[in-house]
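In what follows, chains carry the letters A, B, and so on, assigned in the order in which the sequence lines appear, proteins first and then strands, with residues in each chain numbered from 1.
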Amino acid sequence: MRRHAEYQNWVAVYDSLSLSQRQELNEHLQTCQGCASDLVAYRQMDADIRSLRDERAAARVRVRFTEMVAAHAAPQAPGPRGSIPREPVIVQPRRVRQPWTPRQLLAPAAALILFVAAIWLGMRVPDRPGRVVEPAAVVPPASTTITEITFQCERITDWGALSTVISDFEVENPDVKVEFVPVDVLGTDEASYNAAVKQAAETADVFCAMPSPTHLQTGAARDLTPFIADDASFRLDDFYPGLLHAWDEVGGAVLTVPTYFDLGLIAYKPAAFDAADLSYPQPGWTWDEFLAVAVQLTQRQGDEVIRWGYTEVGTGVINRRLMSAWSSDWQAGPDYATLAEVLAWYETLYARTGAAPAPITLDWEPGKTYSGVDLDPYRNGNKSAMWDATWWAEAETDHLTSYPESRPGEPQMPMRTLSGLVLSGQTAHPDAGWRWISYLSQHLPDGEHIPARRSLAEAASFWSKLDGANTAVFRYALDHLAAFPGKLPSDYMAQMEAVVAVVKGEKTAEQALADLAAQGHVRGAPEAPATEQTTIVTMSTATPEAGATVIAFACWQERLPLYAPAVEAFEAANPGVHVQLKALEDLGVTPEAASMRPGAIEAAAAQVDTLCGDSLLTLIRTGAAERVLRDLSPFIAFDASFDQADFYPGVLEMLQSDAQTWGIPRGLLLQLIYYNQYLFDQAGISYPVPGWTWDDFLRTAKALTQTQADGSTRWGFTESWPSQFGLLRAQDARFLQGGTAGLAAPETQAAAQWYLDLVKVHQVMPIPAIYAEPAQSSGSGSAANPWSTTAMFSGFANGVAPDSQVLAARIGVAPFPAGTNSRTTPLEQSIDALAMSAATQHPEESWRWLAVASRAVGYSERWVPARRSRFEANASLTGVDPAVHSVYRYALEHLAPPLDAGGAAIQALREAIRAAMMDEMPVDEALRAAAGQ
Amino acid sequence: MITQAMEGDGTALLVSQLFDHYSDAIFAYLYRLVDNRETAEELVQETFLRAFKARSQLNAIENRRAWLYRVATNVAFDALRRGRRFTWLPWSQADELHAPRPDVADAARERDSVERALAALPLDYRAALLLYVYYGLTVHEVAGALGIREGAAKMRIRRAREMFRKAYGPHEDGVGGGLP
């Protein structure tokens with residue numbers, strides 16, 4: 001009898017099954033509803049995937065390919081002895097192995113074939129004395145039990161050489177066979193990378209990755225220190241300093257044996273230096289010398305730059321200048337004076353002297369692929385006198401020097417480690433796995449990168465590609481490597497954001513430093529001087545200038561029509577004042593840019609008098625509001641017609657900081673609880689009504705949690721992305737008051753424990769997707785169809801059509817339950833609001849327009865009006881069921897206070913909950929740890 | 001045509017034929033892996049350049065289509081690996097700040113739900129699912145193209161299906177998706 005999992009695999013590849021397999025599976029499908037429904041779903045899926053339209057390559061692809069072929073079409077000649085081909089040797093993957101036929105018998109033949117093939121291709125065959133294998137030695141004793149381990153790695157690209165290493169290892173270890181799987185562990189963000197590591201740990205005994213303590217804690221990786229201690233052949237001092245990293249966070253555990261690394265270097269054009277009568281840069285030079293040289297080497301013709309002094313093609317200098325201000329062990333960041341020097345240095349290079357263009361990589365955004373930069377204009381053209389050379393392979397053609405230093409002589413040279421060898425935490429053969437790791441680390445194939453072991457690096461072939469000057473640079477850099485910390489300190493990240501703002505010209509160095517000091521991200525900052533009070537504008541003297549006054553108002557294109565009637569009414573009531581509607585998109589702001597780059601919305605604000613949008617909270621939290629927007633408090637104070645009580649409780653306060661008001665709320669994203677009425681009816685449970693309690697909620701969720709016929713669970717409640725903190729916040733809205741420090745408050749711990757108990761103790765809720773499978777819950781913001789797996793779930797107001805035919809269910813809606821704290825309706829961290837640009841020359845007219853606009857618009861999409869008057873207006877309630885309307889009203893009257901926390905606190909909370917949810921540590925401990933961050 | 005550059009070189013002509021037959025399909029495959037037209041164009045050129053450089057071995061390759069997909073997959077993974085150099089850039093905190101922004105989610109929602117669900121899959125799995133379902137490779141060929149064993153290929157296809165299914169459900173507003 002086959003295992004069920006095998007049938008599940010068969011279902012996934014039904015069309016590839018043999019006839020007999022298909023018959024057997026068909027019989028299984030008669031009795032297994034789960035597999036049968038999977039097959040139906042897969043067929044539907046396949047049809048949908050096959051309906052995708054194929055994009056076609058542009059014609060230029062063929063043209064370029066033709067050109068490339070022409071350039072390479074010369075007959076293949078043997079390369080120079082000692083050179084290494086850039087392309088990996090193409091070796092057919094090893095297929096199914098015969099488990100009881102010792103592959104060692106084939107090793108000599110395979111090696112011979114590879115040897116001949118390599119000679120034929122003109123490759124260098126590494127000298128490996130002692131690697132001739134005696135056939136007699138490869139036959140394991142009859143009594144030996146063969147342990148087969150799987151090695152998953154694509155980092156070692158020379159598969160031919162690796163195959164030889166495997167054969168040699170198996171000769172020396174006849175009780176172990178290594179099955180090589182050339183697959184890399186890849187991820188586009190931390191979450192997907194963690195998922196890939198987990199996957200590798202499940203399928204391989206040894207794999208190549210860059211693990212962190214998280215992977216030890218989740219059982220994906222194993223601590224190697226006991227193996228290292230017992231292995232006399234494994235010499236620790238053979239590694240370059242800092243490469244074999246012991247993680248203090250997990251008791252000094254070693255999680256990976258490093259394989260290779262790359263050096264960061266600066267490339268330069270000698271001719272540029274010669275023409276300017278400058279000495280070539282030498283190892284040990286300083287950042288000030290770099291700056292002076294870059295300025296002198298910049299060539300201009302009028303306003304146009306003919307050649308940049310320096311160009312950042314990777315992330316070298318933008319990284320290293322700041323890094324070099326930190327202590328070598330990353331324990332101490334720069335003091336205020338040093339950081340001021342660093343920021344001024346960036347400002348001089350990029351903004352003041354224009355000796356370097358804005359780095360290309362600053363246009364990079366999460367989720368986008370960066371495919372490298374064409375270096376030809378730098379190497380063979382005159383685009384720049386210097387650039388950052390990240391890949392050591394460039395040493396073959398470029399003139400190189402080491403990075404400048406702030407403390408000459410200290411180990412500060414940048415390096416980039418590549419995937420190391422990891423022993424799976426789930427392997428059943430740890431000893432065999434370690435023997436393979438130890439052996440491979442001492443016999444790594446010569447390749448495109450620098451071996452982490454000094455003994456291998458000294459014997460590697462790359463030295464032969466370096467001329468005398470570059471050899472000296474390499475020697476210097478290798479002797480001054482800066483070990484990279486396992487995790488960047490939080491102040492570093494905040495400081496890096498400041499650097500980016502300065503480099504992009506969004507802030508002066510002075511502003512950036514002041515902001516860092518205000519946020520507590522620099523030590524030794526002087527006391528902040530008292531800020532000047534905003535000038536109060538008196539409303540009574542408002543007199544339009546002669547001729548028409550134009551108020552420019554920017555908003556998302558799709559929302560502009562909502563304001564058109566208000567414009568008409570405003571202009572009729574304000575002769576001589578016109579409102580000009582502009583789309584934010586036309587001002588260079590996309591929704592993504594507004595989300596990811598506060599600078600984008602800042603730039604747009606500078607071009608208009610007034611604007612609306614949902615990024616105001618971002619501007620407030622990042623401190624940009626004071627610079628970009630006008631404080632509306634004086635206008636509100638002087639405008640008797642502006643009724644603050646018309647706003648739902650706490651809403652206006654969301655846009656206030658330090659007694660200043662940066663916007664007028666327009667729309668809110670309200671969270672509610674949706675439920676499947678059919679399931680309630682079936683279970684004989686009353687529908688939830690406004691005012692229901694948390695006890696009611698838990699009792700209901702328990703009653704509705706059921707194991708279904710196919711063995712899966714239908715949960716009582718599911719908390720959907722992105723409202724992952726809805727329940728937590730609703731439990732006690734005081735949590736997170738005070739920022740990160742508030743995480744350790746007893747209220748926060750109680751709320752978090754209650755939240756975790758829903759999963760761990762009461763088992764009425766699955767682990768929220770953001771913690772269980774973050775790779776799929778981030779980005780799109782989507783949730784899978786909740787109704788197939790849950791009876792209740794949280795969602796946005798207006799987000800679920802109550803009469804949805806798609807869901808084939810009657811959907812009810814309820815507010816969040818009440819407890820000792822009745823203000824439990826969670827608000828998302830966005831608020832659609834109206835604001836006045838600091839750049840406006842018409843503040844009084846702008847205010848009048850904003851006041852009118854804030855009353856003009858009712859429901860739109862998922863946004864519920866922030867004003868009571870607009871909510872109650874019949875015209876805005878088209879299509880909303882009266883019963884639903886009353887739920888909305890209750891929810892609006894019981895809004896939870898806004899979070900008094902920035903992104904760092906939210907991230908820390910999320911990490912703490914995740915750690916507790918995944919049983920890595922108790923919740924109170926996780927929260928205390930998070931509070932200490 | 002490419003043939004001019006390959007005159008007198010039989011294996012080079014073979015590469016030309018491969019280009020004629022498969023360049024569009026390989027481009028489409030790469031486009032779905034890297035989600036960027038220009039990058040995909042660069043990668044399809046790199047794929048066939050590698051094929052061209054390895055042309056002397058083409059006659060020994062049993063299944064050239066699967067082999068081409070393997071080269072293309074490696075090329076794509078290499079490119080993405082290079083891209084990882086920049087993942088430290090300090091947008092992550094901003095990402096956390098703004099993750100719940102609904103209008104971004106709305107924008108994503110407008111994208112075709114199948115494309116979106118595919119994009120949600122880790123690269124290894126997206127490649128396996130595309131090769132098997134969309135490009136019609138057999139399990140044996142998928143294994144060859146990805147450089148893994150057949151058993152691993154089956155497992156990968158199955159997991160890719162499960163991931164896709166999860167990502168492809170209707171949204172909470174009932175928009176998109178097509179599975180029960």
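Less than 6.0 angstrom separates the ring centroid of Phe27(B) from the ring centroid of Tyr31(B).
Side-chain atoms of Tyr29(B) and Thr73(B) form a donor-acceptor pair, as typed in the model, at a separation below 3.5 Å.
Gln495(A) does not touch chain B: none of its heavy atoms, backbone or side chain, sits under 4.5 Å away. Looking at Leu118(B), the atoms closer than 4.5 Å to chain A (heavy atoms on both sides) all sit in the side chain, from C-beta outward. For chain A, the nearby part of Leu129(B) is the side chain; its heavy atoms alone come within less than 4.5 Å. For Thr203(A), the part lying under 4.5 angstrom from a heavy atom of chain B is the side chain only.
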Trace of the side chain to side chain contact (heavy atoms under 4.5 Å, CB included) decision for Glu162(B) with Lys166(B): CA-CA 6 Å; Glu162(B) 288 167 354; Lys166(B) 203 172 281 186; over 6 Å; no

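Taking each heavy atom of Gln8(A) and Arg158(B) in turn, the nearest pair found is OE1-NH2, 3.0 Å.
In summary, Asp46(A) and Arg161(B) engage in a salt bridge, as defined by a charged side-chain N under 4.0 Å from a carboxylate O.
The residue among Asp15(A), Asp38(A), Val11(A) with the most heavy atom pairs within less than 4.5 Å of chain B is Asp38(A).
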